[in-house]
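Let me begin by presenting the structure, written as structure tokens, before commenting on it.
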Amino acid sequence: MNSRIFALVDCNNFYVSCERVFNPKLENKPTVVLSNNDGCVIARSQEVKDLGVTMGAPIFKLKELVEREKINVYSANFPLYGDMSHRVMATISEFVPDVEIYSIDEAFLDLTNLRVPDLTKFCIKLRKTIYKWTGIPVSIGVAPTKTLAKAANKLAKKQFRDIGVFNFFEHLGNEEEFLKLIPVGDLWGVGRAYTKFLNQHNINNAFELKSLDIGYVKQVMTVAGERLVMELNGEPCYLLEKNPKLKKNIAFTRSFGEYQTKLDQVEEAVAYFSRKIGEKLRKEKELAQFLQVFILTNFHNKNLPQYHNSVIIKLERPTNNSITLIKEALRGLKYIFKDGYQYKKAGVISLGLIPESHRQYDFFCDPNDEKYLQKDLMATLDKINFEVNSDSVKFAAEGVSRKWWMNQTKKSQRYTTNWKELPKAIAE
DNA sequence: TCTGGGGTCCTAGGACCC
DNA sequence: TCTGGGGTCCTAGGACCC
């Protein structure tokens, strides 16, 4: 029997909590953070959840509610959230050696070999420390599998909100009671489609799913469903993944602030996206073998003529050279761009990524000839753009007008990542 | 008027081969 | 009317995650 102890640490309303750290007046006030382009709600404070606002709700539909309830609205400030995430993860790592950073606001911990007298007390203390050191409130779930740790975290957030910790090991023997409190749709791996299906078959909570015949579950929910039921029964299928896997795709896509109709404007956007792809690839030390470019009109607006298209380009040699990426992406764009449409969004995706160190040398190419990557030039650009300002050095193809740039009218400052925007302490 | 962005994994079905 | 039987590889689409 190879039993393990997993914990999931999840930041509460993460983006809203980040805004609150630097603007304490938002504490206990209904607050939301919007997606890029100020389109829809991507983070809600508890007060806003209680008002019934759903994740992803378009903000323009909530105008009245925002005014009536005096909801504080913020544009997304990802550099700030990324930096705060870093601080939370660093704090956790001070106390636990086995940490998997699962997303910007979540970490799995393996506590199996952590010799502490009382797991629950340890987690309560960890939670308090994270809050003290970073200002971010978190919830912690503890259980014998990752899926159950996720479920425990839901309980910690709802039924056990005052302590913020739920430890399944304290309730061995009567898990049933707690699993019945968790709707199937709240489980890790059960999305909209499966929730609908399961509900139609009268499977409504985690206990009912756990009790199903595993062969049946595999048949209707494939292997992911099979693993899910095993995990609910306390058999770990997923272990801690400490070393982040290399990415297989890297994308940069954006909606435009206003419709774009002209090729040259879309070209500027695509050139910018391509440079960003190059930067990301070099940061990950990967090379792309293919590049995909796509453009879309606004599919929400049924009154406008619709068009969407994409093209995949095989790169002559695997590369992360921004200059090559821009050139190839623009070639692709010309191929799919059609006049007469109002474009709302475009994107560039690099595919077939391979590690720089595993580059398959071209048969005809001298193995020492990596000139085409222009490593020194790219390293210099990166040094300036990463250390000074991400847009210090651009390429001519990106243009300067940026007519496509997104709308972000309610952005907080970059309190932690830009010297000019550090919070000021004002004596009153 | 106004609806995000970035990922992963799995499967079915077609093309192709012997 | 009957119309082989495997394999493998690739891709599109769907499901999920945050």
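In what follows, chains are A, B, ... by sequence order, proteins preceding strands, each numbered from 1.
For B/dG14, the paired base is C/dC9 (Watson-Crick or G-U wobble, both distances below 3.5 Å).
Between the side chain of A/Glu69 and the backbone N or O of A/Glu64 there is no donor-acceptor pair closer than 3.5 Å.
Note on A/Phe299: nothing from the nucleic acid sits closer than 4.0 angstrom, heavy atoms only. A/Ile250 comes within 4.0 angstrom of the backbone, heavy atoms only, and of no base. Using a 4.0 Å heavy-atom criterion, one finds that A/Leu187 contacts the sugar-phosphate atoms exclusively. Backbone-only contact: A/Tyr259 has heavy atoms under 4.0 Å from sugar-phosphate atoms and none from a base. Within the nucleic acid shown, A/Lys150 comes within 4.0 Å of sugar-phosphate atoms alone, with no base atom in reach, counting heavy atoms only. As judged by a 4.0 angstrom heavy-atom cut-off over every strand, A/Asn36 is placed among residues touching the sugar-phosphate backbone only.
Side-chain contact check for A/Ser75 and A/Gln408: no donor-acceptor pair (N or O, by modelled atom type) lies under 3.5 Å.
Aromatic ring orientation, A/Phe178 versus A/Phe160: tilted (interplanar angle from 30° to 60°). Between A/Tyr343 and A/Tyr307, the ring planes lie perpendicular to each other; the angle is over 60°, past the 30° to 60° tilted range.
For A/Tyr194 and A/Trp188, the ring centers are positioned 6.0 Å apart or more.
Nearest-nucleotide positions on DNA chain B place A/Met55 closer to the 5' end than the other of A/Met55 and A/Ala224. Toward the 5' end of DNA chain B, the nearer of the two residues A/Arg254 and A/Thr222, judged by each one's closest nucleotide, is A/Arg254.
On the nucleic acid side, DNA chain C contacts chain A at distances under 4.0 Å to non-hydrogen atoms, with the end points of that region at C/dA15 to C/dC18.
If you check residues 101-111 of chain A against DNA chain C, the residues with a heavy atom closer than 4.0 Å are A/Tyr102, A/Ser103, A/Asp105, A/Glu106, listed by number.
A/Met221 CE to A/Leu228 CG: the interatomic distance, rounded to the nearest 0.5 Å, is 5.5 Å.
At least one test fails for A/Lys146 against the ring of A/Tyr238: distance under 6.0 Å to the centre or angle within 45° of the axis. In this structure, A/Lys314 is positioned above the aromatic face of A/Phe290, its NZ or CZ under 6.0 Å from the six-membered ring centre and within 45° of the axis.
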Q: I would like to know whether A/Asn298 and A/Lys345 meet side-chain hydrogen bond (donor to acceptor under 3.5 Å, both in side chains); could you show each step before the answer?
A: CA-CA 8 Å; A/Asn298 183 1; A/Lys345 182 173 179 174; over 6 Å; no

